[in-house]
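Every number for a ligand or one of its atoms is a count from 1 in the order of the listing.
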Amino acid sequence: PPTDPIGCPTAQAVAGATSLQELQLAIQGCLACPLGPGRLKFVFGEGDPLARLMFVGEGPGRDEDLQGRPFVGKAGELLDKMIGAIGLKREDVYIGNIVKCRPPDNRTPTPEEARACLGYLHRQIELIRPTVIVTLGATPLRELVGVSEGITRVRGQWKRVVVGNREIPVMPTFHPAYVLRQYTQDVRRAVWEDLKAAKEWVDKAQEG
Ligand code: URA
């Protein structure tokens, strides 16, 4: 795939990708930000390419960096359970991240790193055309949706994001790693209610 002199895929290569596979091929060698040289594996995202429901997390952790797949560690186990609680399987949805390479020590990606990767996520969303996006934690809400309020305040409140001329409803909820740290009934119920609302929207859109 065409790249510029420092190894970044060209904007045309990204925009011109007509399938997720083509997009992955175009961007998996990316060196557009400082995270690229430090990765073991590029974590593109995975799931049903026609998913109605898309989850967006923050970025790969250690397990994801080793395996090249999103949400396969402890947080991923919980995410699978959360998806199961609304009657779906992991294969029924699409799971992606704000950044596709692991930040060192699992720190939050910087705004520059997020920005360097955002065009890839946008193209991914354009190709998948999900009915609803669920953001997991504060980082995807801030970097994809532009909402910087505290996640505890805004979770459960519908937001929207415009990607490629399409407006997509966004349901912000807690990150599963946060749920693991705050394993209270209140937090678990909140996430369940958020995902239930997202699933209801998807089902309603399916009927209409
Ligand atoms: N946390 C994330 O935000 N994304 C992953 O893929 C794994 C853990």
Quiz item: Is the ring centre of Phe55 less than 6.0 Å from the ring centre of His175?
Solution: no
Exercise. Could you walk me through whether Glu113 and Arg107 pass the salt bridge (Lys or Arg N to Asp or Glu O under 4.0 Å) test, one step at a time?
Key: CA-CA 12 Å; Glu113 290 158 357; Arg107 63 161 171 72; 2.8 Å; yes
Self-check item: Sub-4.0 Å heavy-atom environment of ligand 1, residues by chain
Solution: Gly57, Glu58, Gly59, Glu64, Pro70, Phe71, Asn97, His175
Self-check item: Salt-bridge contact Glu64-Lys100 (side-chain N to carboxylate O under 4.0 Å)
Solution: no
Quiz prompt | Basic-acidic side-chain contact under 4.0 Å: Glu46, Arg90 | solution = yes
Exercise. Please report the shortest heavy-atom distance between Glu143 and Pro111, naming the atom on each side.
Key: OE2-CA, 4.0 Å
Exercise. Is it possible for you to say whether Ile27 and Leu118 belong to one hydrophobic cluster, with membership spreading through side-chain heavy-atom contacts below 4.5 Å?
Key: yes
